[in-house]
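Notes follow once the structure below has been shown.
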Protein chains: 2
Amino acid sequence: MSEQENLEDILFYSLERSIKSYRQFAQQQLVKKGFEITIDQWLLLKTVYDNPGQTQNQIAQTIFKDFASVTRMVELLVEGKYIIRNPHPTDRRRFHLKLSELAVNLLDNMQLVIENNRRIALNNISKQQILQFHQVLDLIYNNCTA
Amino acid sequence: MSEQENLEDILFYSLERSIKSYRQFAQQQLVKKGFEITIDQWLLLKTVYDNPGQTQNQIAQTIFKDFASVTRMVELLVEGKYIIRNPHPTDRRRFHLKLSELAVNLLDNMQLVIENNRRIALNNISKQQILQFHQVLDLIYNNCTA
DNA sequence: CAAATATAATTGATATATCAATAATATTCA
DNA sequence: TGAATATTATTGATATATCAATTATATTTG
């Protein structure tokens with residue numbers, strides 16, 4: 001390579017580093033509190049909670065995952081009794097997904113830990129900084145999906 | 001859950017969304033230009049290029065990956081003739097990793113595409129915004145690893 | 001209506017993420 | 001020195017990421 005660039009200086013390297021450190025931290029906190037699902041599973045459950053009628057394809061879009069990943073995640077969550085999967089009343093290609101009571105309680109119990117994780121991760125960062133940070137994130141997203 | 005929160009408003013949701021959209025965009029650009037390695041493999045190769053003597057554990061730390069992942073990635077890259085793995089001269093637990101000429105050329109050829117990807121992803125974002133964005137990323141990293 | 005097309009979900013293959021256990025070798029220190 | 005400990009890397013198991021192919025069902029359209 002003709003020119004040298006320092007990894008530390010590459011923005012997307014720092015972006016990866018931050019999100020990974022947050023994910024690890026958040027997951028460890030969950031384990032520490034005795035919760036047995038992954039952050040990704042939490043996100044999927046929350047999405048089903050918010051929109052029980054969604055197709056799996058819609059869920060995939062909402063949580064930025066591949067259809068295949070969602071199929072497999074739903075499988076595991078159905079096995080684990082977190083998601084109840086019924087045939088869709090009018091479209092036989094689909095399923096109707098909803099949370100079990102177990103899952104609703106789980107989400108409820110996890111909420112404080114999740115919020116606390118976010119608070120710790122954003123410690124000493126001002127509201128103003130966070131707002132601008134969020135704006136740049138959205139700009140990057142738009143640039144990459146345009 | 002007692003309170004509703006909108007996924008869009010959750011900072012770490014947007015963070016995931018941005019980094020994933022960038023990764024997908026960047027990978028697609030590579031494929032489009034005919035390059036056959038993944039972004040992650042590129043990062044590992046670049047790390048070996050910068051520090052040929054590094055242990056796999058050090059590489060793992062540098063690129064924020066698990067030791068196990070690095071072992072498997074190195075395996076594939078050795079098979080693909082991108083990395084040359086020799087016994088370490090004094091420590092028989094280690095290997096000495098270095099890039100093949102093929103890999104050096106590959107990195108060289110990829111450089112322009114990679115830089116272009118970053119440029120597009122950061123389009124219409126000012127230097128000032130990027131600087132502050134980078135600072136917040138580092139703060140989050142510090143908060144999560146403290 | 002029937003054929004073409006689109007949509008929803010699954011499955012297979014390969015790469016990566018993570019944790020735990022193991023093997024080989026080095027280092028430390030009693 | 002020799003036993004305990006630490007380090008380096010591998011391997012196994014399970015979850016997720018991604019692409020491609022497939023199946024089943026719906027929708028569109030000639």
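Within every chain, numbering begins at 1; the chains are lettered A, B, ... in the order of the sequence lines, protein sequences first and strands thereafter.
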Nearest-angstrom distance from the residue atom CD of B:Q24 to P of D:dT16: 17 Å

Short side-chain to backbone donor-acceptor contact, A:Q27 and A:I39, under 3.5 Å: yes

Atom-pair distance (CG on A:D66; P on D:dA21), nearest Å: 14 Å

Polar side chain donor-acceptor pair, B:Q54 to B:T47, under 3.5 angstrom: no

Phosphate-side-chain proximity, B:K20 and D:dT18, N/O vs OP1/OP2 below 4.0 Å: no

Of B:D91 and B:A68, the one whose closest DNA chain C nucleotide lies more 5': B:A68

Sugar-phosphate, base or nothing in reach of A:T55, heavy atoms under 4.0 Å: sugar-phosphate

Residue whose closest nucleotide on DNA chain D lies nearer the 5' end, A:M73 versus B:Q28: A:M73

Spacing of B:H88 atom NE2 relative to D:dT7 atom C1', expressed in whole Å: 13 Å

Sugar-phosphate, base or nothing in reach of A:Q27, heavy atoms under 4.0 Å: nothing

Separation of C:dA8 P from A:L97 CG (nearest whole Å): 13 Å

Expected output: side-chain B:S100 to main-chain B:K81 donor-acceptor under 3.5 Å: yes

Side-chain N,O (A:K65) to OP1/OP2 (D:dT18) below 4.0 Å: no

A:T38 or B:Q54, whichever maps to the more 5' nucleotide of DNA chain D: B:Q54

Whole-Å distance separating the CD atom of B:E36 from the P atom of D:dC19: 15 Å

Residue-phosphate contact under 4.0 Å: A:T71 side-chain N/O, C:dA9 OP1/OP2: no

Pair of N/O donor and acceptor under 3.5 Å linking D:dT7 base with B:R93 side chain: yes

Stepwise side chain to side chain donor-acceptor pair (under 3.5 Å) check, A:Q111 with A:E115: CA-CA 6 Å; A:Q111 189 62 24; A:E115 284 171 15; 2.8 Å; yes

Base C:dT18 to side chain B:R72, donor-acceptor N/O within 3.5 Å cut-off: yes

Interatomic distance, B:I59 CD1 vs D:dT8 P [rounded to whole Å]: 12 Å

Between P of D:dA15 and CG of A:L77, the distance in whole Å: 10 Å

Side-chain touch A:L106/A:E36, heavy atoms, less than 4.5 angstrom: no

Given C:dA8, D:dT8, C:dT16, the nucleotide with the shortest approach to the side chain of A:R94: C:dA8

Presence of A:Q56 side-chain N/O under 4.0 Å of C:dT10 phosphate oxygens OP1/OP2: yes

Distance, rounded to the nearest Å, where A:N57 contributes CG and D:dA26 contributes P: 15 Å

Parallel, tilted or perpendicular, as decided by the 30° and 60° cut-offs, for the rings of B:F12 and A:Y22: parallel

DNA chain C: 5'-proximal contact among A:F95 and A:R23 (nearest heavy atom): A:F95

Sugar-phosphate only, base, or nothing, as touched by A:R85 at under 4.0 Å among non-hydrogen atoms: sugar-phosphate

Any B:Q41 side-chain nitrogen or oxygen under 4.0 Å from OP1 or OP2 of C:dT16: yes

